[in-house]
Number of protein chains: 2
Amino acid sequence: MREVAALAGVSLKTVSRVVNRESGVSADVVTRVERAVAQLGYRHNLAASNLRRGHGKTAMVGALLQDVSNSFSSSLLRSLEDEARDRDVVIVASSLDEEPERERALVEGLVRRRVDGLLLMPATDRHDYLADDLRSGLPIVFVDRSPNGIDTDSVTIDNARGSRLAVYHLVAHGHRRIAFLGDLPTIQTARTRHEGFEAAMRARHLPIDPSMTITSLRSPEDAEAAVRRLLASDEPPTAIFAARNSLAVGTIRALHRLGKAGEIALVGFDDFPLADIVDPPLTVIRQNVGAIGAEVAQRLFARIDGDTSPPRHVVLAPELVERGSGEIRP
Amino acid sequence: MREVAALAGVSLKTVSRVVNRESGVSADVVTRVERAVAQLGYRHNLAASNLRRGHGKTAMVGALLQDVSNSFSSSLLRSLEDEARDRDVVIVASSLDEEPERERALVEGLVRRRVDGLLLMPATDRHDYLADDLRSGLPIVFVDRSPNGIDTDSVTIDNARGSRLAVYHLVAHGHRRIAFLGDLPTIQTARTRHEGFEAAMRARHLPIDPSMTITSLRSPEDAEAAVRRLLASDEPPTAIFAARNSLAVGTIRALHRLGKAGEIALVGFDDFPLADIVDPPLTVIRQNVGAIGAEVAQRLFARIDGDTSPPRHVVLAPELVERGSGEIRP
DNA sequence: TCACCCTTTGACAACGATGTCACGATCACG
DNA sequence: CGTGATCGTGACATCGTTGTCAAAGGGTGA
């Protein structure tokens with residue numbers, strides 16, 4: 001900037017005026033400065049500018065998601081981006097991989113960078129560690145999982161309801177032996193889906209067979225192996241409820257490879273782009289990712305814009321989409 | 001920081017020392033300062049720190065991708081993140097949506113934020129506008145598409161080869177009437193795939209029927225509509241080459257809804273997570289996204305670490321994966 | 001005991017930018 | 001032609017940090 005000022009024969013402040021398109025600079029000076037800027041390849045330094053301006057806005061928000069390469073996370077990211085785009089806000093995106101340590105480290109890093117807000121799909125169980133930042137005015141919106149130990153905005157879905165829909169649907173199609181495939185019980189959503197499953201089974205007066213309730217499955221491969229074991233047992237299930245999209249994928253693979261694709265009923269939790277063209281088309285509990293993302297983005301930016309109303313907890317209802325795999329009879 | 005210093009009864013510089021874990025501070029002072037930090041909820045300001053340190057490193061890199069919610073882009077993002085994670089570097093991710101204007105605006109924004117490097121899957125045709133930044137030392141690595149007008153690192157795949165593989169494969173299975181579905185010809189990869197398709201057809205002495213060469217398809221819905229039109233014609237194709245994953249998805253949907261899923265051969269370009277369990281399993285030209293991502297990340301960080309060797313242009317070879325849909329005979 | 005060294009700490013300027021305020025020049029007006 | 005208002009510009013301090021250098025205090029060896 002100093003060099004630009006020298007080359008244009010003006011003061012630093014005047015360069016600043018031109019760069020910020022402030023009014024009250026003569027046309028002649030503007031062109032001289034702009035020429036100097038172009039000639040020297042000068043680039044305005046936003047960090048320094050923000051520092052001086054003091055208000056602190058960096059026009060950056062953080063998005064801490066489960067895994068940016070997972071379709072649910074990346075759709076949320078995209079929704080947030082669409083909203084951010086209008087405001088010239090950029091997004092720092094990271095994957096937590098369900099690792100609490102990583103969450104804490106990343107939050108720390110983003111706070112040090114003074115992001116204007118945080119979208120969090122937490123990997124931790126308790127969130128008191130965020131209390132200070134929250135109090136000091138950092139907007140944080142939880143998505144997919146609720147805050148615990150602090151009170152802040154959240155957008156989640158009713159996971160128990162989703163599980164209930166799945167179970168009742170399978171029961172209505174004549175199933176009694178329903179297997180449950182779930183993720184790590186340390187993950188809030190996975191736990192709630194599991195509890196919802198058992199509650200629904202009890203509500204329908206069906207026994208819960210521990211050997212058919214498999215949790216801590218992390219990948220399609222885990223699910224595939226689990227399904228192979230299930231179907232090799234003496235009394236295999238007639239239906240499977242896969243409580244996460246990647247587990248449904250693994251289940252489909254297993255059924256295909258065992259040649260039982262049309263025989264065992266399957267309901268997945270979470271829709272995904274191709275669920276309608278797999279074989280058989282997959283019946284799923286759908287959460288409307290677009291609606292979740294839009295709600296989250298709106299909340300976050302409202303807070304950034306100064307909304308100080310009490311935290312809001314939005315719970316969206318998932319719905320069951322019949323496509324075929326869930327309507328197979330025993 | 002001033003308040004922390006006052007509360008701990010030390011100077012600013014000493015607080016700085018403690019915060020940066022510099023040696024040569026007595027244990028007593030360290031604990032006093034740390035207590036003050038905790039009590040006041042003080043957060044180190046990275047922007048100010050970077051400003052003063054002058055070296056300019058912000059520990060941020062930008063990733064400008066086609067669409068972060070698309071599986072190819074998000075896998076690349078994830079690969080980059082895995083490498084960045086080790087170095088405590090965060091990623092600013094954005095979608096360009098094939099809009100040149102957006103690319104320029106985002107690059108501008110990231111340069112103003114002084115990112116340490118840029119991963120770019122460009123939406124623009126010419127990239128001279130980056131020359132200044134490149135010259136001033138900003139590492140830029142192109143992915144999926146080559147730089148034009150500047151010389152900088154790139155990691156791409158041999159798209160023409162991919163198209164050739166597809167055509168030869170279909171021809172070997174007895175097809176002569178092969179339809180081509182492609183994206184906007186303004187997109188470099190789409191253009192190259194199209195050219196590769198026509199070159200391969202000529203090499204096999206097959207006529208290129210303009211009515212069966214459809215480009216500018218942007219979404220699965222576009223592809224679906226195109227396939228419906230194709231199959232409604234007097235002389236429908238016996239095979240389809242869908243030169244992008246979302247177009248293959250639309251094609252599969254169309255074939256399903258028309259009840260021709262097992263009759264028309266189909267080869268897609270780009271693999272995707274569920275291609276093996278759709279019906280029939282999809283034969284694709286696969287690009288190894290993991291390898292691309294790893295290569296890109298390595299290049300970018302090598303440059304950031306000061307590698308000044310001449311720009312390298314890595315071209316990876318795609319391969320054909322037989323799964324069923326491409327082996328259907330006319 | 002004295003000169004010298006090492007350890008620990010602080011004062012100060014500077015990183016790149018901008019808000020504040022003051023200054024000189026131009027202008028309109030009576 | 002004097003006066004006050006308006007316009008364009010610049011000097012300076014400051015945002016939150018840290019590199020540099022110097023000083024205070026204690027320890028060591030001759």
Side-chain angles (χ1 to χ4, degrees), chain A residues 1-34 36-37 40-60 108-116 133 136-138, chain B residues 1-34 36-37 40-60 108-116 133 136-138:
Chain A
M1 197 169 197
R2 202 149 37 215
E3 293 175 36
V4 172
L7 182 58
V10 297
S11 74
L12 277 177
K13 178 66 216 195
T14 298
V15 176
S16 167
R17 286 192 177 95
V18 174
V19 166
N20 289 292
R21 291 185 178 24
E22 284 176 34
S23 60
V25 184
S26 68
D28 168 48
V29 171
V30 170
T31 51
R32 248 162 54 217
V33 171
E34 282 178 344
V37 164
L40 295 173
Y42 163 79
R43 298 303 201 134
H44 190 217
N45 184 327
L46 259 190
S49 176
N50 285 329
L51 181 58
R52 173 60 235 248
R53 289 201 214 260
H55 60 15
K57 300 276 188 215
T58 52
M60 297 196 297
E108 173 80 18
L110 293 179
V111 170
R112 278 161 127 78
R113 287 189 170 78
R114 297 293 188 272
V115 292
D116 296 335
D133 297 305
S136 70
L138 177 69
Chain B
M1 196 171 197
R2 202 150 36 214
E3 290 175 37
V4 172
L7 182 58
V10 298
S11 74
L12 276 177
K13 177 66 215 195
T14 298
V15 175
S16 168
R17 287 193 176 96
V18 174
V19 167
N20 290 293
R21 294 185 177 21
E22 284 177 34
S23 61
V25 184
S26 69
D28 169 48
V29 171
V30 170
T31 51
R32 250 163 50 219
V33 171
E34 283 176 345
V37 164
L40 296 173
Y42 163 79
R43 297 306 200 130
H44 190 215
N45 184 327
L46 258 190
S49 176
N50 285 328
L51 181 58
R52 172 59 236 244
R53 291 201 213 260
H55 60 16
K57 300 276 188 217
T58 52
M60 297 196 296
E108 173 80 17
L110 293 178
V111 170
R112 278 161 127 78
R113 287 188 169 79
R114 296 293 189 270
V115 292
D116 296 336
D133 298 303
S136 71
L138 176 70

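All chains are named by letter (A, B, ...) in the order of the sequence lines, taking the proteins before the strands, and each is independently numbered beginning at 1. None of the values given here were measured: they were computed from a predicted structure.
Nearest heavy atoms, B:Arg32 versus B:Gly9: NH2-O, 3.7 Å. Taking every heavy atom of both residues into account, A:Thr31 and A:Asp28 meet most closely at OG1-O, 2.8 Å. Across all their heavy atoms, B:Thr58 and B:Arg114 have their closest contact at OG1-O, 2.7 Å. Of all the heavy atoms in B:Leu12 and B:Ala5, the pair that sits closest is N-CB, 4.0 Å. Contact detail for A:Asn50 and A:Lys57: the closest heavy-atom pair is OD1-O, 2.9 Å.
As a whole-Å value, the separation of A:Glu3 CD from C:dA17 C1' is 15 Å. The distance from atom CG of B:Leu46 to atom C1' of D:dC15 is 16 Å, rounded to the nearest whole Å. Spacing between atom CG of B:Asn45 and atom C1' of C:dG16 amounts to 14 Å, rounded to whole angstrom units. Between the NE2 atom of B:His44 and the P atom of D:dT18 there is a distance of 4 Å, given to the nearest Å. Rounded to an integer number of Å, the gap from CZ of B:Arg2 to P of D:dA13 is 15 Å. Protein atom CG of B:Leu40 is 14 Å distant from nucleotide atom P of D:dG16, rounded to whole Å. Remark: P of D:dG8 and CG of A:Asp28 are 12 Å apart, rounded to the nearest angstrom. Counting to the nearest Å, the C1' atom of C:dG19 and the CG atom of A:Asn20 are 11 Å from each other.
Summarising the local packing, CD of B:Glu108 is surrounded by more than 12 heavy atoms from other residues, nucleotides or ligands at distances under 6.0 Å.
Of the candidate nucleotides D:dA11, C:dG16, C:dA17, D:dA11 has the atom nearest to the side chain of A:Ser11.
Judged purely by atom type and a 3.5 angstrom limit, B:Arg43 has no side-chain atom pairing as donor or acceptor with the backbone of A:Asp133. Checked by atom type and distance alone, the side chain of A:Arg17 never pairs as donor or acceptor with a backbone atom of A:Glu22 at under 3.5 Å.
Between B:Ser49 and D:dT17 there is no side-chain polar atom (N or O) within less than 4.0 angstrom of OP1 or OP2. Between D:dT18 and B:Arg17, no contact under 4.0 Å exists linking OP1 or OP2 to a side-chain N or O. Neither OP1 nor OP2 of C:dA17 sits under 4.0 Å from any side-chain N or O of A:Asn50. The phosphate of C:dT7 has neither OP1 nor OP2 within less than 4.0 Å of any side-chain N or O from B:Ser26.
At the heavy-atom level, A:Val29 lies under 4.0 Å from the strands shown only through sugar-phosphate atoms. Nucleic acid contact class of B:Val25 (heavy atoms, under 4.0 Å, all strands): sugar-phosphate only. Residue contacts for A:Arg112: at a heavy-atom cut-off of 4.0 Å it reaches no nucleic acid atom on any strand shown.
With hydrogens and angles ignored, no donor-acceptor pair closer than 3.5 Å exists between the side chain of B:Arg52 and the base of D:dT17.
Between A:Ala48 and A:Arg53, it is A:Ala48 whose nearest contact on DNA chain C lies nearer the 5' terminus.
Taking five base pairs at each end of the helix from C:dT1-D:dA30 to C:dG30-D:dC1 and finding the rotation axis that steps the C1' atoms of four pairs onto the next four gives two axes whose angle is 40°, to the nearest 10°.
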